[in-house]
Number of protein chains: 2
Amino acid sequence: MSVRLDEIDRKILVELQQDASQSLDEIARKVGSSKTPVWNRIRKMKDAGIIARQTVLLDAEALGLEACFFVLIRTSEHEAEWQRKFLATLRARPEVLEAHRLAGDIDYILKVRVKNARAYDQFYQALISEVKIYNVTALLSMEEIKFTTILPV
Amino acid sequence: MSVRLDEIDRKILVELQQDASQSLDEIARKVGSSKTPVWNRIRKMKDAGIIARQTVLLDAEALGLEACFFVLIRTSEHEAEWQRKFLATLRARPEVLEAHRLAGDIDYILKVRVKNARAYDQFYQALISEVKIYNVTALLSMEEIKFTTILPV
DNA sequence: TATGAAAGCTAGTATCA
DNA sequence: TGATACTAGCTTTCATA
């Protein structure tokens, strides 16, 4: 599954990450190649799963999703059944944009985007009513200093 | 700047977020409209800044970026000049995917993606050598349970 | 507003060097 | 392999209802 990428592959990925609406000819010109090889490289990287999805990024503020919380979770439960239910809950909730299982004394971190603090509280109440959680700390974002989906390739 | 979205606009945003490579005809069919009105709605939402960017999402693991850290930062410095330098550093560092200024006793949270723990340490050393930081806690992700850029519209 | 037609581009493929 | 040429289908625009 691990495809070795050369300089041109990397340049293509940079361009696509920055603006996926560019035409093949445009990308080819920028990376110093021509259409067909660029097209073949992109296809190869899609097949290899390196390019996962093509999407649009929306402005959360413009959509009225003005509150962003990072939620630190400690749990006393570590059985498989509890975990299955917890994960299913997170995956089902559209306001949960990210969830990670952590090493260390904090077990999980979530990134949650909602309209306002009240909407967060509703999410929180729903979560703790569905699964038993030992300790929750919510960190409220005052300002998004940086957000990028561009990975350094 | 706030554009009111109707049901069709929302459906279009759902489709575009799920797969931006779909043709206009396909989206039009799914949302129960036709090509030109869908195109006009998309253009309006781009102009309004609701649709911010069109991009591809890459698979970090496939690219060898196997370590993800959430970094909790406390600082004793709160002057404008310190903050300016801190933000400039974060923005310049491609391994910093997200940075938020927080309310509460933790001042900042970062999401950092790197190849491995050593690469994180290099980032950490570079960061603390550039700006004075009072306290840093790094949370290591063991498993990405959920990651989505799809906002609930 | 939506529709349909029309113009100009682009993706994807085939062929050649 | 990479460049060139082709075409089907797409985006974008515009006239019309």
Side-chain angles (χ1 to χ4, degrees), chain A residues 1-65 148-153, chain B residues 1-60 62-64 148-153:
Chain A
M1 195 62 161
S2 98
V3 174
R4 257 227 293 279
L5 304 177
D6 65 12
E7 239 354 272
I8 293 178
D9 289 323
R10 282 174 217 284
K11 282 185 188 170
I12 292 171
L13 290 179
V14 169
E15 289 303 325
L16 285 178
Q17 289 189 99
Q18 278 170 4
D19 179 6
S21 71
Q22 294 176 93
S23 76
L24 280 177
D25 280 323
E26 218 166 334
I27 295 169
R29 190 178 50 75
K30 286 185 183 169
V31 306
S33 180
S34 64
K35 210 171 76 164
T36 310
V38 169
W39 189 82
N40 283 320
R41 284 164 184 271
I42 291 174
R43 192 168 54 85
K44 216 169 279 176
M45 292 191 284
K46 276 182 181 160
D47 291 347
I50 289 169
I51 298 174
R53 299 172 1 80
Q54 190 168 332
T55 188
V56 296
L57 300 182
L58 306 186
D59 183 329
E61 306 271 325
L63 287 166
L65 296 170
T148 183
T149 58
I150 299 181
L151 300 178
V153 290
Chain B
M1 196 59 163
S2 100
V3 174
R4 256 229 293 278
L5 303 177
D6 65 13
E7 239 356 271
I8 293 179
D9 289 323
R10 282 173 218 284
K11 282 183 186 171
I12 291 171
L13 290 179
V14 169
E15 290 303 324
L16 285 177
Q17 288 189 100
Q18 278 169 4
D19 179 6
S21 71
Q22 294 176 94
S23 75
L24 279 177
D25 279 324
E26 219 165 335
I27 295 169
R29 191 179 49 76
K30 286 185 184 170
V31 306
S33 180
S34 62
K35 219 164 58 167
T36 310
V38 168
W39 189 84
N40 284 322
R41 283 163 184 269
I42 291 175
R43 191 167 54 86
K44 214 168 282 177
M45 292 191 283
K46 277 183 180 159
D47 291 347
I50 290 169
I51 298 174
R53 297 168 8 76
Q54 189 167 333
T55 188
V56 297
L57 300 182
L58 307 185
D59 183 329
L63 287 165
T148 183
T149 57
I150 299 180
L151 300 178
V153 290

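Both backbone and side-chain heavy atoms feed into the values below; hydrogens, waters and symmetry mates do not. Chain identifiers are assigned alphabetically (A, B, ...) following the order of the sequence lines, protein sequences preceding nucleic acid strands; residue numbering begins at 1 within each chain.
- If you run salt bridge (Lys or Arg N to Asp or Glu O under 4.0 Å) between E15(B) and each of K30(B), R10(B), R29(B), only K30(B) comes through.
- Within the 4.0 Å cut-off from OP1 or OP2 of dA11(C), not a single side-chain nitrogen or oxygen of W39(A) is found.
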(request) Walk me through it: do L5(A) and L13(A) pass the test side chain to side chain contact (heavy atoms under 4.5 Å, CB included)? (result) CA-CA 10 Å; L5(A) 304 177; L13(A) 290 179; 3.9 Å; yes
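- Protein atom CD1 of I12(A) is 13 Å distant from nucleotide atom C1' of dG2(D), rounded to whole Å.
- With a 4.5 Å cut-off on side-chain heavy atoms, L16(A) and M45(A) do not count as touching.
- In this structure, the CD1 atom of I42(B) is 13 Å from the C1' atom of dC10(D), given to the nearest Å.
- Rounded to a whole Å, the CG atom of L24(B) is 14 Å from the C1' atom of dC9(C).
- Residue S23(A) is in sugar-phosphate contact alone, with no base atom involved, counting any heavy-atom pair closer than 4.0 Å across all strands shown.
- Between the NZ atom of K46(B) and the P atom of dT12(D) there is a distance of 7 Å, rounded to whole Å.
- The minimum heavy-atom distance between K35(B) and A28(B), with the atom names listed, is N-CB, 3.8 Å.
- The backbone N or O of Q18(A) lies less than 3.5 Å from a partner atom in the side chain of R53(B), making a donor-acceptor pair.
- Between D9(B) atom CG and dT1(C) atom C1' the separation is 13 Å, expressed in whole Å.
- For dG2(D), the OP1/OP2 oxygens have no side-chain nitrogen or oxygen of S34(A) closer than 4.0 Å.
- Here the P atom of nucleotide dA11(C) and the CZ atom of R41(A) are 17 Å apart, to the nearest Å.
- Along DNA chain D, the nucleotide nearest to K44(A) and the one nearest to T36(A) differ in position, and the one closer to the 5' end is contacted by K44(A).
- The base of dG12(C) lies close enough to the side chain of K35(A) for a donor and an acceptor atom to sit less than 3.5 Å apart.
- Going from atom CD of Q22(B) over to atom P of dA11(C) covers 17 Å, rounded to whole Å.
- In this structure, P37(B) reaches the bases: a heavy-atom distance under 4.0 Å links it to at least one base atom across the strands shown.
- Distance, D25(B) CG to dG9(D) C1': 10 Å, rounded to whole Å.
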